[in-house]
Amino acid sequence: MTLLSPYEWQVLRLSLWVATLSCVLFLPLACLWVALYDRCRFWGRGTLDLLFHLPLVLPPVVVGYLLLFALGKQGFLGAALYRCCNIAFAFTWKAAVLASGIMAFPLMIRALRASLESIDRKLEPAARTLGASRVQAFFSITFIQILPGFSTALLLGFVRAFGEFGATITFAGSIPGVTRTLPLAIYNATLIPGAEAEAARLAVIACVAAIAAILASQLLTRSQD
Amino acid sequence: MLNFDLTRNLPQHRLRFRARLPSEPTTSVLCGANGSGKTLLLSMLAGVEQPDRGRIAYAENLFFAEGRNLPPDKRRIGYVFQEALLFPHMSVAKNLDYAQRINKSLRAASLLDKKERNAVIDALSLSRLLARRPSRLSGGEQQRVALARALLANPQLLLLDEPLSSLDRRHRREALEFLQRWLRDKNLPCLYVSHEIEEVACIATHALVVATKRGNEAGETIAHSRIALSSAIDVATTDLRTSTLTGACPTAVVPVRLQEQRALDGLWTVAFLENPAARFHLSTHKGAPPTLLDAHARTTHACIRAEDVLLAERDDPHALDARLLALAAPRDGSHTAQIACARQRLLMQLSTSQARSLQQTKGKTCRVRIRKAQGGIL
């Protein structure tokens, strides 16, 4: 790639990889939670929902700190994981995925829930009286109608994960080629005297990537009509 | 044919619905004041809502009982909700064919053929609307699509919750005539919620009345809703104080036999079914013949308003014998009385002095005259 330097290319590839992976992992979880929250009543339902919304209101650094506290090598979960399965999270690419995924999670939940709430809940019973089974009614009525909500959730989650900074730098660090995503690279470039041009180039790349994500999401929505 | 005895607990009170509908297919109107639970009853029959306990049986099928709750898609009940509830992401045509698409593999034999589908679409004037989305339809158009969609699923029982309330006069008349014909041809029993007495008179042969009794037990209000079934429609007579049908005046609906039309003013002469000698006049919209319940026997319904039943003059040749059955408390200076006349129950309005003298008459009998009735036509 002549347009981008090898370093820029590496940073962009890592950012896209981290953002995509966190969406792939956390969007199904968001769907599951929205469906569970909507259809079932169980103990701790409200508390869990509040917990999942925390990344939306907490400073990202705090989320990163909490992750480090729990999953770092000395953390109460991380230490146990390291001891029994030899898995370490902190300061690896997995940490970057986890941090950006958790930051994107509440946005995906909100987008999915909003689209679910915009549907008339009596349509499914109406479909049932016309002979549709529970599964048929869900897929032919509710699922089809919340498809645009999926692409909104995907877009919001992706751009949030793509732009993640605070939680990532705290929990995953800024290791070139491992956890240094685009925002971290820009921040790093601004710290180095004389690297202003590099920071500007990276910022332009971030803008182009964000606009591309919006256009892709619009295409996705339009193709569903 | 349809038997049910259902109890449902609400936060404030308990509702109980109980009725046995006769074995031949009938069109029954379901009446009751707002909030008496008519819609809830239909939802429970369709399986969309669940009763707390009770039993629903239809023909040989047990829909609901202890330990059994047949899901709505297995009940084959057509249900037109108060809101049309069309699927917003499908065109009108796709809405109409929804049942067909869903059930292609399950019960292809029981579905309607193309000719019948087109008949429904034509009769409800939907052919122009087929390509449109529901959001582009008016309220009346949406209701017509909802009715057609329910019919095209070929149900074994039809529940209609004010299905024509947004239709204009012309479409309502067309839809009712078509619906009446369809129900008869298909031998399809129907439960119909409506507040329009004319609609009721056109289509219903039976009435179920949700009568609400309120009592105070242990500090809470308990409303028992009981459904009374009557062979002739005496909707308004069941509850003297509140007519649940729209119209300023309490009205009785009685089956009559149609005779001839008077050239003079276009009024129709009709006679009571049980008493052919007892005749009165029926006024219809623009003098058109009223909708017949039975074309061969020329029977129809007459809506007789309480204010059109008068105490007759001594020498009135058209006077009928009547007997006072019940008298409601006065309202606005007049009493609504329930009377037995020509083996039917009618309502009449009496002034306080008339009511007092009638109550003192031996046997509480009097002679009444029916000034005019409204014919079952729209």
Side-chain angles (χ1 to χ4, degrees), chain A residues 27 31 34-42 45-46 108 110-156 217-225, chain B residues 39 42-50 63 70-91 94-108 110-111 133-135 142 145-146 148-161:
Chain A
L27 187 63
C31 295
V34 168
L36 212 60
Y37 186 86
D38 181 59
R39 300 271 156 132
C40 307
R41 299 277 175 278
F42 50 88
R45 174 174 166 269
M108 297 196 270
R110 297 237 55 87
L112 289 173
R113 197 170 285 163
S115 79
L116 193 63
E117 278 164 3
S118 69
I119 299 174
D120 190 341
R121 307 315 288 270
K122 291 171 87 179
L123 290 175
E124 258 189 63
R128 298 294 303 277
T129 66
L130 292 167
S133 69
R134 193 188 288 265
V135 176
Q136 281 175 318
F138 173 75
F139 279 103
S140 64
I141 306 298
T142 307
F143 182 76
I144 289 195
Q145 287 192 81
I146 56 173
L147 275 182
F150 277 108
S151 40
T152 311
L154 202 61
L155 172 74
L156 285 177
S217 153
Q218 279 178 350
L219 272 179
L220 204 62
T221 315
R222 212 166 293 164
S223 70
Q224 282 161 1
D225 270 351
Chain B
T39 298
L42 292 194
S43 300
M44 291 194 294
L45 292 177
V48 171
E49 294 269 353
Q50 267 182 42
F63 285 167
L70 204 63
D73 45 309
K74 297 281 187 296
R75 296 190 185 190
R76 280 192 63 206
I77 291 184
Y79 184 8
V80 176
F81 295 74
Q82 228 168 63
E83 322 87 316
L85 291 183
L86 301 181
F87 306 133
H89 56 299
M90 298 179 192
S91 66
K94 284 202 160 165
N95 264 283
L96 293 178
D97 296 332
Y98 183 81
Q100 194 118 25
R101 273 204 315 283
I102 284 289
N103 300 313
K104 199 159 263 172
S105 52
L106 291 175
R107 43 166 217 250
S110 69
L111 289 168
R133 286 287 173 109
S135 56
Q142 288 190 18
V145 176
R149 186 177 67 176
L151 293 179
L152 288 175
N154 199 20
Q156 55 174 343
L157 169 68
L158 196 60
L159 307 177
L160 306 177
D161 198 349

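Each chain gets a letter, A, B and so on, in the order the sequences are listed, and its residues count up from 1.
- Contact of the B:E83 side chain with the A:L123 side chain is not registered, since no non-hydrogen atoms from C-beta on lie closer than 4.5 Å.
- Of the inter-residue distances, the one linking A:D120 atom CG with B:L86 atom CG reads 10.5 Å to the nearest 0.5 angstrom.
- Note that the CG atom of B:L96 and the CG atom of A:L130 stand 10.0 Å from one another [nearest 0.5 Å].
- For B:L85, the parts lying near chain A are the backbone and the side chain together; criterion is any non-hydrogen pair under 4.5 Å.
- Residues A:T129 and B:A46 share a closest heavy-atom pair of CG2-CB, 4.4 Å.
- B:L159 does not touch chain A: none of its heavy atoms, backbone or side chain, sits under 4.5 Å away.
- For the pair B:I102 and A:Q136, the tightest heavy-atom approach, listed with the atom from each and the gap, is O-NE2, 3.4 Å.
- Scanning both residues, B:M90 and A:I141, for their nearest heavy atoms gives CE-CD1, 4.1 Å.
- Using a 4.5 Å cut-off between heavy atoms, A:I144 contacts chain B through its side chain alone, with no backbone atom that close.
- Applying the 6.0 Å contact sphere to CZ of A:R45 captures more than 12 heavy atoms from other residues, nucleotides or ligands.
- Here B:Q82 contributes atom CD and A:K122 contributes atom NZ; the two are 7.5 Å apart, rounded to the nearest 0.5 Å.
- Annotation: side chain of B:F87 is not in contact with side chain of A:S140 (no heavy-atom distance under 4.5 Å).
- Listed here is the closest heavy atom pair of B:Y98 and A:A137: OH-CA, 4.2 Å.
- Between A:R128 and B:V48, the closest side-chain pair of non-hydrogen atoms is not below 4.5 Å.
- Of the listed residues B:P88, B:S43, B:A146, the one with more heavy-atom pairs under 4.5 angstrom with chain A than any other is B:P88.
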